[in-house]
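Just below is one structure, and these are the notes that go with it.
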Amino acid sequence: MRGRSNLPPPRFLFFPAMLKPVILSCLKTYDKKTFLADLFAGLTVGVVALPLAMAFAIACGMDPAKGLITAIVAGFLISLFGGSRFQIGGPTGAFVVIIMGIVASYGVGGLLICTLMAGVFLIIMGVCRMGALIRFIPFPVTTGFTSGIAMVIFSTQVKDMLGLSIPGEIPGGFIEKWACYLQYAGTVNWAALALCVGTVAVILICKRLSSKLPAMLIAMLVMTGVSLVCSLPVETIGDRFPSLPNALPMPSLPSMEWASLQGLVMPAFTIALLAAIESLLSASVADGMTSTRHKPNAELVAQGIGNIGSALFMGIPATGAIARTATNVKSGAKTPVAGMIHALVLLAILMAFSQYAKMIPFAVLAGILSVVCYNMSEIHVFARLARGPRPDAAVLVITFALTVLVDLVVAVEVGVVLAALLFIGRMAQISNVCPITGQITFGADDPEDDSRSIEKKTVPPQVEVFDIQGPFFFGAVDQFKEQVLGSLDHDIKIVILRMRLVPALDATGLNVLGDFFQRCRERRIVLLLCGVQTQPLDVIRHAPFYRRLKSYNICSNIDAALVRANAILDELPDPVHEEPVGEFRKREEG
């Protein structure tokens, strides 16, 4: 019998658990019943995704096949490598604005490079375990740019909704675009408008009858049929895109122009950030519907692989789609196999029915996108936030306005910075430094010990006690300087800083603490710290002044600090920051 090999297993088998695709654990218990559930869900989601994939591509100024290719390639890879059981990947409305800007500035080749770079950024985010950090993007920022994107997408569809006859290119700016629409308002095609309104009506009726119906596909088929039967004079996909592929193209690397790479870094990072936010939000929605938990870092890696695959097959950026993921869950999906089947369904449709897509009127797709924009705008959420605290409302409105009027990249940057500054200001407000000499209660450092909470401690003369509350960071140091540094002008021998309510200490706070310690030394004042929590204590122990401060001058609570202060006053009438002398020193050394 051949003996077992002693060679170590291949290195790729040691892939971190947090990055392992969920499908590996699902396949361990996979059976026929689970496959049938995934098959039905995959077929349903594939049918639902068909009109959306084409509509989003056309909204970006690309041919509809680009949307189908993205949904097929990226959708398959995201499900195969993802960290969620139910995630459905593909093109979404979040990318429409930025894709239009990239294509206008750098062309389709620049978009492919941007998508490829965004995929690399997403993989780096996942490997660096940034999945949890992405969730901290403030809600007013995400709502602001999401609502702004919905407004911009809607504005791009007005021409097709109304069937306007506009010669030349439509202006790219939001205000200029609407000025152009008003200029040519007299060229409305009433047949196109009727198809658009009819599409919206069919979608609403289908949703009212049953949420399980593929409302958008039904509306697309019905209104396309009406257009053909009535021979309506409206523009169709075939009029703008005479040839549509019926198979996936061969994968190839996009041609890179090194001169333009620097300008593409920021748009690529924005695509990666949007993909990360939307995909993790979508996975969280699925978790809430199924009581499961996704792997955020594995999901980011899968999003990166999906976008790289999409770029290699000439597709557009992709991410997790909330509506399609929710449909997948409601259709009874059990594992990521359902998402892979959804991609294969779209591939079959592309191969068998791409020539029929030329018959679809643009007014019908515009009607579908108008419903998507309404759902995406979350008007009720926007209105609720606008009525909330004024600083948050300001961040919301500014992000929304910048998305609509300027650029999505600028909106995300400014929104995040404003939200961060707002957070810093609020943290500074809750941080407080105040003198509490003569007002200290027993048991205050132990919230569970209330037996002596009403009794007063005796603070020796020439001892000043300050209570620091809240994070001690760069936004709170000014208050410390105002309250504490002034105490050095008085005739005191010891300063006690009570830090039991300081959860965090940053480099700026540590620097101010070190400066204060040095000033105390210059004035021959002893500095004692008490009640220091774990994080601040670890930071202080790595500070240059820790060796001179001495560990026995960091007390566990206010009781120990007052005992230490009394001992110093007894032994050192004129204390300096040196080791204790006399009997107290012997006790310390013992």
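Hydrogens, waters and symmetry mates are skipped; everything else that's a heavy atom, side chains included, is used. Here the structure is a predicted model, which is why all the values come from computation and not from measurement.
Residues Thr325 and Val285 are not in side-chain contact: their nearest non-hydrogen atoms beyond the backbone lie 4.5 Å or more apart. Between Val532 and Leu505 the shortest side-chain heavy-atom distance does not fall below 4.5 Å. Using a 4.5 Å cut-off on side-chain heavy atoms (C-beta onward), Ile494 and Leu528 make contact. The closest side-chain heavy-atom distance from Glu278 to Gln303 is not below 4.5 Å. Within the 4.5 Å cutoff, the side chain of Arg324 has no heavy atoms near those of the Asn328 side chain. Residues Ser282 and Gln87 have side chains in contact (heavy-atom distance under 4.5 Å, counting atoms from C-beta outward).
In terms of modelled atom types and a separation under 3.5 Å, the side chain of Asn566 and the main chain of Pro460 share no donor-acceptor contact.
Looking at residues two or more places apart in sequence or on another chain, you find a side chain to side chain contact (heavy atoms under 4.5 Å, CB included) between Ser25 and Val22. Residues satisfying the side chain to side chain contact (heavy atoms under 4.5 Å, CB included) criterion with Arg547, sequence neighbours excluded, are absent altogether. Applying the side chain to side chain contact (heavy atoms under 4.5 Å, CB included) rule to Arg129 yields the partners Met18, Asn297; only residues at least two apart in sequence or on another chain are considered. When the side chain to side chain contact (heavy atoms under 4.5 Å, CB included) test is applied to Ala560, the partners found at least two apart in sequence or on another chain are Cys555, Ser556, Asn557. Here Asp392 pairs with Arg426 under the salt bridge (charged side-chain N to carboxylate O under 4.0 Å, His left out) rule; sequence neighbours left out. Listed by chain and residue number, Phe517 satisfy the ring-ring contact (aromatic ring centres under 6.0 Å, His included) test with Phe545 (two or more places apart in sequence, or in another chain).
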Indicate every side-chain donor-acceptor pair of residues 145-152 with a distance under 3.5 Å to a residue at least two apart or in another chain.
{"residue": "Thr146", "atom": "OG1", "partner": "Thr142", "partner atom": "O", "Å": "2.6"}
{"residue": "Ser147", "atom": "OG", "partner": "Thr143", "partner atom": "O", "Å": "3.0"}
{"residue": "Ser147", "atom": "OG", "partner": "Ser377", "partner atom": "O", "Å": "2.7"}

N/O donor-acceptor pairs under 3.5 Å from side chains in residues 111-121, not counting sequence neighbours:
{"residue": "Thr115", "atom": "OG1", "partner": "Leu111", "partner atom": "O", "Å": "2.8"}

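How far CD1 of Ile102 is from CD1 of Ile316: 11.0 Å, rounded to the nearest 0.5 Å. One finds the CG atom of Leu513 at 6.5 Å from the CG atom of Leu527 (value rounded to the nearest 0.5 Å). The line from CD1 of Ile468 to CG of Leu497 is 4.5 Å long, rounded to the nearest 0.5 Å. Rounding to the nearest 0.5 Å gives a distance of 13.0 Å between OG of Ser284 and CE of Met289. Note that CD1 of Ile78 and CD1 of Ile88 are 9.5 Å apart. Values are rounded to the nearest 0.5 Å. The CG atom of Asp559 sits 9.0 Å away from the SG atom of Cys530 when rounded to the nearest 0.5 Å.
Applying side chain to side chain contact (heavy atoms under 4.5 Å, CB included) to Val141 and the options Val414, Leu418, Val416 leaves one that passes, Val416.
Pairs passing the ring-ring contact (aromatic ring centres under 6.0 Å, His included) check and including a residue from residues 376-417, sequence neighbours excluded, read Phe382-Phe400. Residues in residues 526-545 take part in no side chain to side chain donor-acceptor pair (under 3.5 Å) pair, two or more places apart or across chains.
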side-chain contact (heavy atoms from CB on, under 4.5 Å) between Leu549 and Leu529, intermediate numbers included: CA-CA 10 Å; Leu549 176 64; Leu529 307 180; 4.0 Å; yes
Derivation and outcome, side-chain contact (heavy atoms from CB on, under 4.5 Å), residues Ile496 and Val459: CA-CA 10 Å; Ile496 300 176; Val459 179; over 6 Å; no
task: Begin from the C-alpha positions of Arg500 and Asp467 and carry the test side-chain contact (heavy atoms from CB on, under 4.5 Å) through to its verdict.
output: CA-CA 8 Å; Arg500 75 197 195 286; Asp467 193 20; 2.9 Å; yes
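Annotation: Leu421, atom CG; neighbour count of heavy atoms from other residues, nucleotides and ligands within 6.0 Å is above 12.
Between Thr403 and Gly144, the shortest heavy-atom contact is OG1-O, 4.5 Å. Listed here is the closest heavy atom pair of Pro317 and Ile99: CD-CD1, 3.5 Å.
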